[in-house]
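Labels below follow one simple rule: chain letters A, B, ... track the order of the sequence lines, proteins then strands, and each chain is numbered from 1.
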There are 4 protein chains.
Amino acid sequence: MHVNDFHQPELGLSVTEAARRAQIIGATIATIGEHGYAKTSFARIKERASLSSTRIISYHFTNKAGLMQQVLSAVTDLKSSFLTERTEGVVDPADRRGMLRAYIESEVAFLGAYPECVRVMLEMAAHADDTEGWSMAGIVVQQVRVGQLARQLTQGQREGVFGEFAPDVMAMSVSQAVDGVAAQLAADPKLDLETYGRQLADIFERAAAA
Amino acid sequence: MHVNDFHQPELGLSVTEAARRAQIIGATIATIGEHGYAKTSFARIKERASLSSTRIISYHFTNKAGLMQQVLSAVTDLKSSFLTERTEGVVDPADRRGMLRAYIESEVAFLGAYPECVRVMLEMAAHADDTEGWSMAGIVVQQVRVGQLARQLTQGQREGVFGEFAPDVMAMSVSQAVDGVAAQLAADPKLDLETYGRQLADIFERAAAA
Amino acid sequence: MHVNDFHQPELGLSVTEAARRAQIIGATIATIGEHGYAKTSFARIKERASLSSTRIISYHFTNKAGLMQQVLSAVTDLKSSFLTERTEGVVDPADRRGMLRAYIESEVAFLGAYPECVRVMLEMAAHADDTEGWSMAGIVVQQVRVGQLARQLTQGQREGVFGEFAPDVMAMSVSQAVDGVAAQLAADPKLDLETYGRQLADIFERAAAA
Amino acid sequence: MHVNDFHQPELGLSVTEAARRAQIIGATIATIGEHGYAKTSFARIKERASLSSTRIISYHFTNKAGLMQQVLSAVTDLKSSFLTERTEGVVDPADRRGMLRAYIESEVAFLGAYPECVRVMLEMAAHADDTEGWSMAGIVVQQVRVGQLARQLTQGQREGVFGEFAPDVMAMSVSQAVDGVAAQLAADPKLDLETYGRQLADIFERAAAA
DNA sequence: TATGAATGAGAGTTCATTCAT
DNA sequence: AATGAATGAACTCTCATTCAT
């Protein structure tokens with residue numbers, strides 16, 4: 001799956017509902033990625049998608065909230081399919097240490113693969129309260145992931161693989177550290193993410209070690 | 001020094017330049033704290049400060065950017081004086097482990113003492129590119145702090161107090177984890193910050209240990 | 001073609017894009033004509049065009065600059081078509097003396113026919129630097145005309161029809177004299193333009209004579 | 001007399017009423033000269049004169065109109081003294097042809113000597129109706145001069161020195177041509193004014209010749 | 001499936017001026 | 001001779017949305 005799945009249809013042709021929506025969503029992602037959420041207006045999206053008027057956006061989506069909601073799910077879906085594709089079958093779910101490392105490294109890898117989407121998620125989380133009417137259901141997915149990580153950690157402690165620490169605090173720290181890489185990457189796009197991911201995993205492996 | 005130093009003078013009275021500015025800055029902080037940066041307009045600030053018109057804000061500050069700049073320094077100053085007051089003389093600078101713990105715990109303590117200010121700093125960092133023309137000098141101060149932490153860690157490694165890890169990655173993780181607490185606190189204001197701070201320090205102490 | 005091509009549609013009716021634009025442009029011309037450029041605000045235009053709000057102006061034109069640009073071309077077009085209509089075929093282009101006279105008299109005639117438009121051109125030239133972003137392409141058209149006149153004069157000199165003088169200085173003087181008539185007319189609307197034009201042509205004919 | 005008679009007193013020192021007024025008037029002239037009348041606000045004048053607040057301008061002048069009035073007389077006085085100084089005793093008032101040439105050449109010379117002042121006069125004439133309440137008494141002076149020229153021309157015709165033409169039309173043309181040089185000079189500051197003035201005088205001399 | 005036309009609300013900013021002292 | 005503080009009015013422009021067809 002590629003982010004470029006959201007893109008311009010042949011110009012002038014009438015397009016199916018679905019394609020138009022995808023096109024607009026794609027343009028919105030690109031716009032947020034470049035200018036940030038706050039400067040992402042219908043007008044700007046219109047330009048990026050080469051639409052004749054903003055009216056067509058209002059037509060396909062009930063609301064700005066509605067559009068954003070869909071943008072969020074698109075990005076979230078992309079991420080979760082990326083992660084399952086990358087993790088599934090690779091690591092033994094019973095291997096707690098391996099799961100921790102896999103969590104960190106795959107998150108960092110996603111960052112490298114779709115920095116634009118990461119920016120979008122961060123921006124949307126930061127502006128969650130902008131318009132009333134769009135729940136952060138997508139963001140919640142993230143929190144679920146953090147919750148899962150916490151549970152894995154707790155389990156690992158019971159099994160004696162991990163030492164003593166507050167599992168939820170550790171999970172939060174891991175999650176935050178990963179988010180921090182995004183900022184780092186934005187500042188320096190040439191950052192070596194593989195190394196960075198490994199070093200991050202090293203750190204938290206030692207922190208969690210028995 | 002308290003955040004409440006910024007407050008309403010008697011209504012209708014003419015007030016000194018400095019007092020007015022402080023009042024407006026205080027109202028701005030409160031407004032950002034409650035509604036977020038994006039919804040912080042002159043109109044809203046006016047209401048909170050019980051001013052007769054927004055015009056008076058434009059009178060005392062060259063710009064919206066100018067106002068925000070000053071808000072940022074106010075908050076930054078408050079934080080740095082809080083931290084020095086709390087850390088100075090308490091910990092031996094040569095005690096690397098102690099410094100790491102002190103860093104984390106004092107940051108978390110600040111969070112508990114001035115949650116509003118933390119919100120402001122986060123919001124402003126997120127909207128740094130909103131209006132061109134206001135440098136994020138204040139935010140840079142933060143980055144300086146992270147840099148100092150990284151140097152402390154490196155030094156500790158040379159002295160054999162700390163183990164092997166990438167100091168800058170560790171420093172970033174610590175900083176991010178601390179920021180994460182802010183979100184945590186916003187979600188659950190009854191969060192026991194002292195415990196949380198200790199647990200966080202524990203985690204990173206183990207991660208850094210020789 | 002008449003300036004009154006720009007005018008009010010029935011009130012309250014929805015109108016085509018083109019008609020609205022023409023209406024707004026017309027109202028703008030009238031407003032500049034009456035109050036001058038500096039006092040021509042969207043609000044005043046709105047009133048003259050009987051619009052419900054100034055918002056509709058921003059809707060149809062990207063900018064104030066954009067509107068003014070279009071006003072300028074409207075007026076310029078009007079003038080150039082007036083002039084060609086009046087000069088074309090009437091004077092033999094090889095008759096240099098006749099061309100000089102035709103230039104002066106037709107310019108003065110335009111002044112009489114569309115004093116409002118002349119005011120607009122003068123005002124806009126005077127405020128060319130008001131808002132950055134609108135090139136004075138229309139004004140340049142004027143300069144082109146002066147350039148053409150200069151060339152005609154030079155040619156006439158070569159042919160021995162005209163005497164010795166600096167052609168560009170002469171052309172500038174002619175052009176300026178014509179502009180001066182506008183002010184004269186504004187001060188005394190009953191001024192006999194035909195006579196005035198003839199006298200002006202007489203003067204420059206003698207000045208240019210061999 | 002120099003335009004720089006209007007200028008900054010020693011900073012910080014209390015200054016006499018007259019000096020302050022001159023300083024402000026000088027700053028206003030400079031500001032109009034550089035930015036044009038429309039962009040000449042109290043704020044801009046304040047900056048150029050290095051005043052602490054615009055309030056001081058309101059203090060020394062009843063009005064914006066009042067200030068402009070005085071600016072106008074300052075400039076007008078400067079010009080008329082320049083002209084008398086240059087013309088007086090040089091040309092025999094009975095020498096009509098000489099007077100015509102002197103008129104043109106001295107006006108052009110003034111232009112070269114004080115381009116800033118010329119800009120001011122042109123700008124002010126163009127915005128004569130900006131603020132109600134300031135008569136263009138100064139501009140009228142100009143018109144008086146044109147009137148005098150017209151009378152000289154008429155007299156010259158009676159004496160047989162000049163040919164047949166409408167004296168007021170000729171006078172207006174001369175006056176306008178001279179103003180045109182200002183624009184020319186603004187476009188190309190290296191323009192050779194002496195030559196230009198002579199050529200202009202040549203043209204009108206021929207136009208007026210018997 | 002898509003448009004054309006319009007809209008109300010609100011934004012920040014600049015302006016010359018005035019009431020005090 | 002000068003200031004500090006404040007002000008009301010007007011400005012252009014952007015926003016997401018809606019009524020028609």
Whole angstroms only, please: what is the [atom1]-[atom2] distance between [X] and [N]?
X       : N      : atom1 : atom2 : result
A:Leu67 : F:dA16 : CG    : P     : 10 Å
B:Arg44 : E:dA9  : CZ    : P     : 16 Å
A:Lys64 : F:dT14 : NZ    : P     : 15 Å
D:Asn63 : E:dC15 : CG    : P     : 17 Å
B:Ile56 : F:dG4  : CD1   : C1'   : 12 Å
D:Lys46 : E:dT17 : NZ    : P     : 16 Å
A:Ile45 : F:dT17 : CD1   : P     : 11 Å
C:Lys39 : F:dA10 : NZ    : C1'   : 13 Å

Pairwise side-chain contact, C:Met68 with C:Thr40, heavy-atom cut-off 4.5 Å (strictly under) | yes
D:Phe42 or A:Ser53: which one's nearest nucleotide on DNA chain E is closer to the 5' end?
->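 Looking at the nearest nucleotide for each, A:Ser53 comes out on the 5' side.
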Quick one: on DNA chain E, does B:Ser41 or A:Thr54 contact a more 5' nucleotide (nearest heavy atom)?
-> A:Thr54
All side-chain contact (heavy atoms from CB on, under 4.5 Å) counterparts of C:Leu122, not counting sequence neighbours |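 So C:Leu122 forms a side-chain contact (heavy atoms from CB on, under 4.5 Å) with C:Val118, C:Asp179, C:Ala182.
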Residue list, side-chain contact (heavy atoms from CB on, under 4.5 Å) with D:Ala38, at least two apart or on another chain =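 side-chain contact (heavy atoms from CB on, under 4.5 Å) check on D:Ala38 returns C:His127, D:His127.
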With distance as the sole test, does B:Glu123 use its side chain to make a donor-acceptor pair with the main-chain N or O of B:Tyr37 at under 3.5 Å?
->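 Looks like yes, one N/O pair under 3.5 Å.
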Polar atom pairs (N or O), protein with nucleotides 18-21 of chain F, under 3.5 Å:
from, atom 1, to, atom 2, distance (Å)
F:dT18, O4, A:Arg55, NE, 3.2
F:dC19, N4, A:Arg55, NE, 2.9
F:dC19, N4, A:Arg55, NH2, 3.1

Phosphate contact (E:dA2 OP1 or OP2) by A:Arg20 side-chain N/O below 4.0 Å |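 Result: yes.
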Has A:His60 got a side-chain N or O lying under 4.0 Å from the OP1 or OP2 atom of E:dA2?
->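 Yes, because at least one side-chain N or O of A:His60 sits under 4.0 Å from OP1 or OP2 of E:dA2.
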Would you please name every residue forming a side-chain hydrogen bond (donor to acceptor under 3.5 Å, both in side chains) with [X], sequence neighbours left out?
X       : result
A:Arg21 : A:Glu17
A:Arg55 : none
B:Glu34 : B:Arg48
D:Gln70 : none

For D:Arg44, salt bridge (Lys or Arg N to Asp or Glu O under 4.0 Å) partners two or more places apart = none
Where does DNA chain E form stems of at least three consecutive Watson-Crick or G-U wobble pairs, each pair having both distances below 3.5 Å?
->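 The stems that DNA chain E takes part in, listed by first number, are E:2-21 with F:2-21.
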